[in-house]
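Before any comments, here is the structure.
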Amino acid sequence: MEKYADILTVEKKEQEHRLHDLKNVHGRVVMRMAPSPSGPLHLGHSRMAILNDEYVKRYGGELILRIEDTNPQNIDPVAYTMIPEDLKWLNVNVTQTVIQSDRFELYYERARDLIGKGAAYMCTCEVDTFKDLLMKGKACPHRNNDPESNLEKFQEVVEGKNKDASPVLIIKTDIEHPNPSVRDWIAFRRIKGTHPRTGNRYTFYPMMNFSVAVDDHELGLTHVIRGSDHISNTEKQKYLFNYFGWEIPEYFHYGKISIPDSILKTSIIKKGIKDGIYSGWDDVKLQTVCSMARRGYQPETFRKYWIDSGLREVNAEFSWDIFNSINRLFIDPGADRYFFVKNPVSIKVENSPEINSRIPKYQGKPERGFREYHIKDSPELFITGEDLGNIKHGEKIRLKDLFNVRLENGIFRFSEIEPSKEKIKIIHWCPAGSKPFKIEKPDGTFDEGFIEPLAVNMNGIFQFERYGFVKKVSDDFGIYIHN
RNA sequence: GCUCCGAUGGUGUAGUCCGGUCAAGCAUAUCGGCCUUUCGAGCCGACGACCCGGGUCCAAAUCCCGGUCGGAGCACCA
């Protein structure tokens, strides 16, 4: 038989999903992920983390976590610890961590270099005036100031003089560039407020386009993969690379993934936590990594999903169906089966014999054991209210792994123990001694019912038959994962 | 205002760079069947797609042009 196995696999030609190769790889790669610390990572972030990790695994090299905290108004200090924890949970192998607020002196140094080259200038125009001029493709009066006076002004601002003014440092590009947003762009601006890590030591903060370009070079990045929202930023940043004569990394911009039925914006989440709508960053209604981990999603699911989805320039829509089916793949083998009876109603069975029920914990794997209950004659049992409502008068149904009963005049009469040959409804049930159990669902609602006695003391991921996968976290509480 | 990108079944994708092996693969969803009893898993089957028009070519999902549609972004967030 074995010799046929080869032929069969060849015919089936298993098509592996594989990310396309990166361009211009010469040996090892250096890549990065660069979240801003406005909160912990969410499902969307997991994509860039995992894809970067996959490429570094493929080619060998470094994966740098660069925390981009150059805007003190957009920082939540919890992120500094939560982001690395999220990445660890996702099994992303970060080889170096860089925090941009450690590097302000470096950015100032590079800014002075540029001013010295005549490639940047200090400007004190009103915001609107400056924008109007740019839109018309005209230079602002400060553009022609000489490097020496620019350096002098820059130094004054860095040292915190003239605190009420709003000076900016501008990178000279092409004042008539077809894309107005690429024309002379802002590299530094003054921000009031206290930075969680540097306090009030700095007031003149670099814009993302400046610090990113400097760091991408200084950290020796070979390949940058990031969202298509950065396409025009890449164009802006290239001006810096050219001024300095730096080698430009290979960029790839992937399309946006829209994730339906999700709350990902940190500003909304933070407000929700404050208002008590969410219990915290790991509230099950959210799609943060920590929430999904708590709910029972597996790190392998994230990885397989993002690899299968590929890396393309096209925008795409995230599919919960596919994501959940992948997660099922990983949790099903470890999930024993139990009965949870939602909205239970008590029924009494007439004329049934005393019997020991014996239900496998996992269909087809007797070695994992059985759930055994001693059921008295003519017992009281619980079934779901929904099932009860669907049973017609005179209809015979099967209580799964127990016996058949027939509903007559509102009374369930014992029919027989052996399963019927004909197809009848099979429903699940709970014996006397079952305990109340509550399940939190990701839509914010709760299901309540009874859980069979043997499941009460068990914690972990289970499949409640005819209900779905649930992560049981205590004797009387669990979180719904998916069906 | 401007820039950029893309178009394969309900959904997510493979294939497009280097045209033929693609009468288009995989996954998911749906439907049906099998499995000594789940709306789960597994196995089998069904369903279902190359945006439109033109061009090049013996040959186009693949190359070129036009159109349509869709998307993304930028202008002192990252």
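No experiment lies behind these values; they were computed from the predicted model shown. Lettering follows sequence order; numbering is per chain, from 1.
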Every protein N/O lying under 3.5 Å from an N/O of nucleotides 33-37 of chain B:
| unit_1 | atom_1 | unit_2 | atom_2 | d |
| --- | --- | --- | --- | --- |
| B/rU37 | O2 | A/Arg398 | NE | 3.2 |
| B/rU37 | O2 | A/Asp401 | N | 3.1 |
| B/rU37 | N3 | A/Arg398 | NE | 2.9 |
| B/rU37 | N3 | A/Arg398 | NH2 | 2.7 |
| B/rU37 | O4 | A/Arg398 | NH2 | 2.4 |

Considering only distance and modelled atom types, tabulate donor-acceptor pairs under 3.5 Å from the side chains of residues 126-142 of chain A, sequence neighbours left out.
| unit_1 | atom_1 | unit_2 | atom_2 | d |
| --- | --- | --- | --- | --- |
| A/His142 | NE2 | A/Thr124 | OG1 | 3.1 |

Considering only heavy atoms from C-beta outward, does the side chain of [X] approach that of [Y] to under 4.5 Å?
X	Y	result
A/Leu22	A/Met31	yes
A/Val25	A/Tyr55	no
A/Asp229	A/Lys256	no

May I ask you to say what [X] touches in the nucleic acid, namely base, sugar-phosphate or nothing, with a heavy-atom cut-off under 4.0 Å?
X	answer
A/Gln463	base
A/Phe323	nothing
A/Thr70	sugar-phosphate

[X] [atom1] to [N] [atom2]: how many Å, rounded?
X	N	atom1	atom2	answer
A/Leu133	B/rA75	CG	P	18 Å
A/Asn483	B/rU30	CG	C1'	14 Å
A/Asn327	B/rG40	CG	C1'	13 Å

### Task
For nucleotides B/rG6 and B/rU13, find the distance between their P atoms and express it as a whole number of Å.
15 Å
### Query
Taking atom C1' in both B/rG19 and B/rC58, what distance in whole Å separates the two?
12 Å
Hey, can you pull the donor-acceptor pairs under 3.5 Å for the side chains in residues 321-342 of chain A, sequence neighbours left out?
| unit_1 | atom_1 | unit_2 | atom_2 | d |
| --- | --- | --- | --- | --- |
| A/Asn324 | OD1 | A/Tyr297 | OH | 2.7 |
| A/Asn324 | ND2 | A/Trp320 | O | 3.3 |
| A/Ser325 | OG | A/Ile322 | O | 3.3 |
| A/Asn327 | OD1 | A/Gln298 | N | 2.9 |
| A/Asn327 | OD1 | A/Thr301 | OG1 | 2.6 |
| A/Asn327 | ND2 | A/His482 | NE2 | 3.0 |
| A/Arg328 | NH1 | A/Asn483 | O | 2.7 |
| A/Arg328 | NH1 | A/Asn483 | OD1 | 2.8 |
| A/Asp332 | OD1 | A/Arg337 | NH1 | 3.3 |
| A/Asp332 | OD1 | A/Arg337 | NH2 | 2.7 |
| A/Asp332 | OD2 | A/Tyr362 | OH | 2.6 |
| A/Asp336 | OD1 | A/Arg368 | NE | 3.2 |
| A/Asp336 | OD1 | A/Arg368 | NH2 | 2.8 |
| A/Arg337 | NE | A/Gln463 | OE1 | 3.3 |
| A/Arg337 | NH1 | A/Ala335 | O | 2.7 |

So, OP1 or OP2 of [N]: does either fall under 4.0 Å of a side-chain N or O from [X]?
X	N	value
A/Ser319	B/rA29	no
A/Arg328	B/rA41	yes
A/Arg368	B/rA41	no

### Message
We want to know whether A/Trp185 and A/Thr173 form a side-chain donor-acceptor pair, criterion being a heavy-atom distance below 3.5 angstrom.
### Response
no
Could you check which of [options] has an atom nearest any side-chain atom of [X]?
X	options	answer
A/Arg312	B/rG12, B/rC76, B/rU16	B/rU16
A/Lys256	B/rG12, B/rG40, B/rG73	B/rG73
A/Arg466	B/rA72, B/rA29, B/rC39	B/rC39
A/Ala316	B/rA27, B/rG40, B/rU13	B/rU13
A/Ser232	B/rA41, B/rC76, B/rG73	B/rG73
A/Ile231	B/rG12, B/rA72, B/rC4	B/rC4
A/Asn179	B/rU3, B/rG12, B/rA72	B/rU3
A/Val127	B/rC76, B/rA78, B/rC2	B/rC76
A/Ser181	B/rA75, B/rA29, B/rG40	B/rA75

### Passing option when A/Tyr480 is tested against A/Tyr467, A/Phe464, A/Phe462 for ring-ring contact (aromatic ring centres under 6.0 Å, His included)
A/Tyr467
### Message
Quick check on contacts: within residues 183-194 of chain A, what sits under 4.0 Å from RNA chain B by heavy-atom distance?
### Response
A/Ile186, A/Arg189
### Message
Expected output check: what is the dot-bracket annotation of RNA chain B, where ( ) and [ ] are pairs inside the strand (brackets for crossing ones), | is paired with another strand, and pairs are Watson-Crick or G-U under 3.5 Å?
### Response
(((((((..((((......[....)))).(((((.......)))))....(((((..]....))))))))))))....
### Side chain A/Lys472, main chain A/Ala455, donor-acceptor under 3.5 Å
yes
### Message
Using the side-chain contact (heavy atoms from CB on, under 4.5 Å) definition, which of the options A/Pro37, A/Pro77, A/Pro72, A/Ser101 pairs with A/Arg197?
### Response
A/Ser101
Please list, one pair per line, the donor and acceptor atoms closer than 3.5 Å that link side chains of residues 202-209 of chain A to other protein atoms, with sequence neighbours excluded.
| unit_1 | atom_1 | unit_2 | atom_2 | d |
| --- | --- | --- | --- | --- |
| A/Tyr202 | OH | A/Glu105 | OE2 | 3.0 |
| A/Tyr205 | OH | A/Tyr202 | O | 3.2 |
| A/Asn209 | OD1 | A/Gln237 | NE2 | 2.7 |
| A/Asn209 | ND2 | A/Asn233 | OD1 | 3.1 |

### Query
When the ring planes of A/Tyr239 and A/Tyr243 are compared, do they come out parallel, tilted or perpendicular, using 30° and 60° as the limits?
tilted
### Query
Any idea how A/Tyr251 and A/Phe241 line up, ring-wise: parallel (<30°), tilted (30 to 60°), or perpendicular (>60°)?
perpendicular
### Query
Between A/Trp429 and A/Phe450, does a ring pair (Phe, Tyr, Trp, His ring centres under 6.0 Å) hold up when you go through it step by step?
CA-CA 9 Å; A/Trp429 51 277; A/Phe450 282 159; over 10 Å; no
